[in-house]
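Quick caveat, the model's predicted, so the values are computed rather than measured. Chain A is the first sequence line, chain B the second, and so forth, proteins listed ahead of strands; every chain is numbered from 1.
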Protein chains: 2
Amino acid sequence: MAEVPPPAPTGDELLKVLSALGNPHRLRIVAALVENRNYVSALAREIGMGRPLLHMHLQRLEAAGLVVGTLELSEDGKAMKYYEVAPFFYELTPPVIARAAATITENADRTDRTAKEEAK
Amino acid sequence: MAEVPPPAPTGDELLKVLSALGNPHRLRIVAALVENRNYVSALAREIGMGRPLLHMHLQRLEAAGLVVGTLELSEDGKAMKYYEVAPFFYELTPPVIARAAATITENADRTDRTAKEEAK
DNA sequence: ATCACCTGTCAAAGATTCCTGACACATGTC
DNA sequence: GACATGTGTCAGGAATCTTTGACAGGTGAT
């Protein structure tokens, strides 16, 4: 039952994780979800933040694989999207960064528009 | 000789480290310095980047405590600023983030102008 | 129907970060 | 003195990220 995945993330992956976590709001969001999973609207009220904004931050975190969202149907039929933190584990040390930096392929993120322009 | 400093960085500290590392250029800079210490101008040529820009990135990294710079005088009298990576070690896990997030005092960075405006 | 919840997306404005081309200063060499 | 190489800083524009206020659609209850 010993599971220790060798800390050797790719440059793009590490980059996505670091930039996702390098923001006070996102850090608080993760912290709030560690306490207990929650759905968007409730979380927004809990940490005093607009829904559209929180929604965007959650997407960034989810894209980095730090949280996972599940669309569930409450007993009264309402559709709620619950989010909870994913069990991640990253080690930040000079060697790890050195290895990761070697595998950076620029355009790591980009939402979509780039895809089309890329095809030109 | 066992030295395992309990991974419990403050929110502001962790935030500074994460945002500093959350940038492809900075990641490469650290990687380059892991191989061998170097002075600004040479490093700039090595990784193909303007000096002013590299200078700025190095400051960001140094402010986060990830690299340290030393102004040395080469034998021929030239003043060179050598940079090398600091032996850092951060663990990124939900619990660590939860604890760190509790100690965020906003205005963690800010260069100076904010200071005056703060006093208004 | 109207209200109270939930979800999601957009466009436009604001605030930051990133980057570049000068500029200033110092020392050793031709 | 004119070069070459080092250091550092500044202003201004380009590129990104952050934030807000609509808007659209869905279900259950009054």
Determine the contact category for A:Met56: base if any of its heavy atoms lies under 4.0 Å from a base atom, sugar-phosphate if only primed atoms, P, OP1 or OP2 are that close, otherwise nothing.
base

With a 3.5 Å distance limit and no angle check, can you tell me whether B:Arg28 reaches the backbone of A:Ala101 through a side-chain donor-acceptor pair?
no

Proximity to the side chain of A:Pro52 - top-ranked nucleotide from D:dG6, D:dT20, D:dT18:
D:dT20

Measure from the side-chain heavy atoms of B:Val40 and tell me the nearest of C:dG28, D:dT7, D:dG6.
D:dT7

Take the protein atom CZ of A:Arg26 and the nucleotide atom P of C:dT16, then report the distance between them rounded to whole Å.
15 Å

From the candidates D:dG6, C:dT17, D:dT18, the one with an atom nearest any side-chain atom of B:Tyr39 is D:dG6

Examine the side chains of A:Asp76 and A:Ser74 and answer whether a donor and an acceptor come within less than 3.5 Å of each other.
yes

Could you pick out which residue, A:Asp76 or A:Arg51, lies toward the 5' side of DNA chain D when each is mapped onto its nearest nucleotide?
A:Arg51

Any side-chain N or O of B:Ser41 under 4.0 Å from OP1/OP2 of D:dT7?
yes

Rounded off to whole Å, could you give me the NE2-to-P distance for the B:His25 and C:dC18 pair?
9 Å

Please state how far atom CD in B:Glu72 lies from atom P in C:dT27, giving the value in whole angstrom units.
18 Å

Evaluation steps, side-chain contact (heavy atoms from CB on, under 4.5 Å), between A:Val40 and A:Tyr83
CA-CA 7 Å; A:Val40 187; A:Tyr83 275 96; 3.9 Å; yes

Rounded to whole Å, CG of A:Asn23 lies from C1' of C:dA15 at a distance of 13 Å

Do B:Met80 and B:Leu71 touch side chain to side chain, with heavy atoms closer than 4.5 Å?
no

Check the distance between D:dG25's P and A:Met80's CE and give it to me in whole angstrom.
22 Å

Which nucleotide wins on minimum distance to the side chain of B:Leu53, given the candidates D:dA22, C:dG8, C:dC18?
C:dC18

Nucleotide C:dT27, atom P - distance to CD of B:Glu75 in whole Å:
18 Å

Return the 5'-most residue of the pair B:Lys81, A:His57 with respect to DNA chain D, ranking by each residue's nearest nucleotide.
B:Lys81

Taking atom P of D:dC17 as reference, at what distance in whole Å does atom CZ of A:Arg60 sit?
6 Å

Measure the distance from CD on A:Gln59 to P on C:dG8 and round it to the nearest whole Å.
8 Å

Does B:Lys78 reach a base, just sugar-phosphate, or nothing at all? Heavy atoms under 4.0 Å.
base

Tightest non-hydrogen contact, residues B:Ile29 and B:Ile47, listed as CG1-CD1, 3.8 Å

Has B:His55 got a side-chain N or O lying under 4.0 Å from the OP1 or OP2 atom of D:dT7?
no

